[in-house]
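Below you'll find the structure, written out as structure tokens, and then a few comments.
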There are 2 protein chains.
Amino acid sequence: MAPSPSSFDSSALPDAAGAGTPAFSPLYQQIKGLILQSLEAGEWKPGEAIPSEIELAARFRVSQGTVRKAIDELAAENLVVRRQGKGTFVATHAERHTRYRFLRLVPDSGGGGEGAAQRNILECRRQRASAEVARSLQLRTGDPVLQVRRVLSFAGVPTILEDLWLPGHPFKGLTAEQLAAHQGPTYALFEVEFGVRMVRAEEKIRAVAADVQQAALLGVAPGAPLLSVERLSYTYNDVPMELRRGLYRTDSHHYRNELN
Amino acid sequence: MAPSPSSFDSSALPDAAGAGTPAFSPLYQQIKGLILQSLEAGEWKPGEAIPSEIELAARFRVSQGTVRKAIDELAAENLVVRRQGKGTFVATHAERHTRYRFLRLVPDSGGGGEGAAQRNILECRRQRASAEVARSLQLRTGDPVLQVRRVLSFAGVPTILEDLWLPGHPFKGLTAEQLAAHQGPTYALFEVEFGVRMVRAEEKIRAVAADVQQAALLGVAPGAPLLSVERLSYTYNDVPMELRRGLYRTDSHHYRNELN
DNA sequence: CAGTGGTCTAGACCACCAA
DNA sequence: TGGTGGTCTAGACCACTGC
């Protein structure tokens, strides 16, 4: 490519903030960043194929191997899916073999994912962010947010009661009807209708006792132990886009986790 | 290496069982398997360095890149740790920056891992495996197992009550004194004293109500909600080596999980 | 300075898929 | 058959560590 084989260009723009980081950034990381930008900008939609490794290598003037390593990392982070012989595709929460990507609750009796859950939307209203919600979603207290409350049932048994808080801006126009009507994961709806792709999440899990209202909605006795799952979901660039508080019945399901 | 550059040898022994799998196994996977065998056989102890990539490449008669890819996967599975400029080291539960590798319980007030937990061993006795324990540990009902019951306290507050079941064979001779005296993670003790390295684990999490005995041991009211964490830990080759049932207080701690 | 892991390239070939 | 991702090699050079 260039006169001397190993004089690759690190004159790109790796540092936005003016902190004089003498950071050394490998080429493939820079390429990864560029692909990430295209992903964010929506150059390729979820489910679509991105350009082939050879094309990207030509575009960025690097070798295929370097593009490959960049894509390897994106694939490891589940932002992209490789399919041998076909191409590399933008990851999506829809059409994914493993039904609900972020839901770790599984029935005790082996299986994997019983059919889709029945959704029962109890509330969907505009309101102002409390201090706590604002902090989680990196908003200001009082900023507009959407709150959704719903119950998910499996095989007719109400199993999950959850509240969702969504920032008002990207989710303007979300209605209870939409939430009730669509098929598949709610995160797939977010992708299609609002262009918001959830990429990773953090959960804080506790055991709590059901209060009277919660007990009634989930069909358990007041004081019954429930799993409290607080989830913060992020889009690209670690921007939080959803706060979710779920209460899970764990009498015939359990939360499954793998440790490495 | 050989006359024609791409005629690499797939005449190794990838299939033990006589099932005629026409599986195609990449060279680097075979190399990974060979390194894994040395790891299991104890050719290099936990914390020690394994041979350099160049040495391994020479030993197996493949290129450095192929060894590299094999080690990449081992590193991704936390079996091995790379340290630039120094070498590649066998992973260990001791001397690990992140204190307890498998414990996801963290204090609510940020921090990370408060000082080491105080251990209080309540029981440590030989007994015969129940049907359920036997099934989990892939033993026969009635086979000898060790059962340990203990309470872990953080800053003086009893927080975790757990029962451990260990197969009698590799853990012969384990005593309450050992468990009480040693420093650092219990899994580090297992590595040093019994040569058993836990490599991964699966957890099933539920919310339960404390019974009278559990409540007394943890200093909570009977019926208080507790997190029930059932963990099955595996050594190499997916061999289960420990069943653990923990009850976690989550009034000032929570179970932290990351989803990708 | 030598040794180790880490990056980058260029080119060959294989496995898989669809037309 | 041609295109795509996947594997393998050989060689050059860089970054980090410790003597």
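Quick note on labels: first sequence line is chain A, next is B, and so on, each numbered from 1.
One atom, CZ of A/Phe24, and another, P of D/dC14, lie 10 Å apart when rounded to the nearest Å.
OP1 or OP2 of D/dG6 sits under 4.0 Å from a side-chain N or O of A/Arg68.
Side chain to side chain, A/Tyr28 and A/Asp72 fail the donor-acceptor criterion of an N or O pair below 3.5 Å.
The 5' end of DNA chain C is approached more closely, in terms of each residue's nearest nucleotide, by B/Glu55 than by the other of B/Glu55 and A/Gly65. Sequence order on DNA chain C of the closest nucleotides to A/Val67 and A/Gln84 puts A/Val67 first from the 5' end.
Scanning all heavy atoms of the two residues, the minimum distance from B/Glu258 to B/Arg104 falls at N-NH1, 4.4 Å.
Comparing atom distances between the B/Ser52 side chain and each of C/dC8, C/dG6, C/dT4 picks out C/dT4 as nearest. Of all nucleotides listed (C/dA18, C/dG5, D/dG5), C/dA18 comes nearest to the side chain of A/Lys86. Among C/dG5, D/dG5, C/dT7, the nucleotide with an atom closest to any side-chain atom of A/Thr88 is D/dG5.
A ring pair (Phe, Tyr, Trp, His ring centres under 6.0 Å) with B/His93 is found for one member of B/Phe190, B/Tyr100, B/Tyr187 and no other, namely B/Tyr187.
In this structure, B/Glu53 reaches the sugar-phosphate backbone alone: every heavy-atom distance under 4.0 Å involves primed, P, OP1 or OP2 atoms, never a base.
Formation of a donor-acceptor pair under 3.5 Å by the B/Arg150 side chain with backbone atoms of B/Ile160 is not found in this model.
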